[in-house]
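Both ligands and their constituent atoms are indexed starting at 1 by order of listing.
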Amino acid sequence: MTTELRTHQARSRVPADEEPTLTWIRAVVLGFNEPEYSDEGIARWLAAFVDQDARMRGVHDPRTGGLRDDRVPVATLGSWDTTVNVGGTLLPANAISDVTTRTSHRRRGLLRQLMTTDLTEAAQRGMPLAALTVSESGIYRRFGFGPAVQANQIRVRTDASFRVTTPPTGRVEMVDRDVYLDRVRALFDDYHQRTPGSVDRGPAADDVLAGLDQVTGKPLPGFRYALHVDDDNRCDGAVAYKLLEEDGTAEIRDFVAPNPAVGVALWDFLGHSDLIRTITQRRARVDDPLRYALAEPDVYTVENRRDFLWLRVLDVAAVLTARGYLTDGEITLSVHDEQDFAAGTYRLAATGGTGVVERIDDHSDDNADVALDVAALGSALIGGVGVRTLAAAGYIRGDRVEDFARLMVCTGSPASITPF
Ligand SMILES: CC(C)(COP(=O)(O)OP(=O)(O)OC[C@H]1O[C@@H](n2cnc3c(N)ncnc32)[C@H](O)[C@@H]1OP(=O)(O)O)[C@@H](O)C(=O)NCCC(=O)NCCS
């Protein structure tokens with residue numbers, strides 16, 4: 001099949017000037033079986049791409065037989081530069097999204113071609129990491145991505161048995177959408193700085209999480225917004241939630257609590273809302289303190305736990321140097337990488353919380369204490385999956401797995417509230 005991979009970046013916010021972007025968006029909408037976007041929805045999508053300086057990659061198949069528009073790609077992948085919090089350091093990362101292949105062209109290697117091109121260019125730009133979220137979990141390990149941050153879907157019963165035992169701090173104000181959007185920006189930045197696993201996001205993402213319908217480009221009805229304010233009148237937490245019509249249920253769509261203790265105070269407010277008997281939240285921290293702050297922890301149910309963020313290490317030395325270490329130690333790692341970006345043997349020496357990484361030229365498992373594939377390194381990097389677990393699953397081998405496990409321990413679980 002003679003196909004052509006094209007990459008472009010949008011420069012204008014005027015849809016009429018951006019024909020390749022509009023046809024690319026059409027392909028993504030088709031690929032995800034989404035409804036037709038309105039002009040306003042497309043204009044917002046375009047504006048977000050301009051702000052992100054996003055790369056739109058598409059595979060075009062010129063053999064249309066006169067039956068389809070060749071300007072619309074048959075496979076797509078979008079990417080942009082962002083940052084991921086790795087142990088407190090905001091590390092540059094290549095974010096990947098909008099991965100689709102038209103049903104008529106699937107399983108012919110188009111995703112592989114797009115992904116290989118995108119990762120190669122990311123490595124050439126010096127990106128130490130790539131990141132994505134998945135709709136299907138079986139696809140990305142083969143490209144070196146490992147599940148790195150988990151998130152819980154929770155359901156909390158907010159009837160008379162809901163009671164937070166810790167004394168409430170500060171106060172909560174219900175606010176309009178505009179006020180919420182104005183405050184949530186700075187709160188997210190604070191969250192991003194403080195939270196290992198967090199992926200940066202822009203105002204367009206805030207807007208969608210606060211109820212902007214991407215298809216129509218208009219705010220959805222039924223949203224409520226609340227801000228937590230500390231005793232010095234500083235805003236330190238925010239929640240956007242949607243009231244569902246049926247049975248007194250509310251669904252949290254965005255929950256920005258840079259300090260998890262403020263998250264408990266926000267829940268204390270939400271849990272005492274009249275007429276709401278159940279509240280759900282999709283991206284709750286796996287180490288959510290709320291569960292343990294409740295007088296009856298049974299009102300809190302984890303309905304689903306999933307691998308939310310996947311990381312692909314491109315530069316081993318950069319990522320292992322960025323994170324901190326709780327213990328001193330030295331270990332030699334042999335990293336396997338089918339795509340070769342990160343393959344090699346590396347000596348990691350941690351002292352006083354800081355890691356120094358040296359690449360050893362002679363690459364062989366014989367020279368290493370531990371051998372692992374690059375996806376396992378992505379999983380272990382910020383403590384999302386423990387080294388022992390990865391070893392038991394068969395991804396990490398060697399005589400010093402226990403020492404490596406001790407070296408990679410982190411104080412808390414990573415978290416992220418950025419879908420992309
Ligand atoms: C997922 C999707 C993009 C795959 O595209 P594709 O062009 O058919 O993929 P390729 O032919 O390049 O396949 C590359 C590899 O991934 C594997 N693969 C592809 N789709 C897979 C899936 N859904 N589950 C598991 N493995 C998958 C292929 O078997 C192939 O493996 P191999 O190279 O190791 O033999 C496509 O099926 C699609 O658009 N699905 C709907 C949208 C979607 O779910 N996108 C992903 C968002 S996370």
Q: For S416 and V149, work out which heavy atoms get closest and say how close.
A: N-CG1, 3.8 Å
Q) Name the residues with a heavy atom less than 4.0 Å from ligand 1? A) G31, F32, V99, T100, T101, R106, R107, R108, G109, L110, L111, R112, V134, S135, E136, G138, I139, Y140, R142
**Q.** Where L243 and A250 come nearest, the two heavy atoms and their spacing
**A.** CD2-CB, 4.2 Å
(Q) I'd like to know if E303 and R155 make a salt bridge, using a cut-off of under 4.0 Å between side-chain N and carboxylate O. (A) yes
Q | Carboxylate-amine/guanidinium proximity below 4.0 Å for D288 and R291 | A | no
Q | Salt-bridge contact R102-D61 (side-chain N to carboxylate O under 4.0 Å) | A | no
Q.
If we check salt bridge (charged side-chain N to carboxylate O under 4.0 Å, His left out) with D254, which of these qualifies: R201, K242, R282?
A. R201
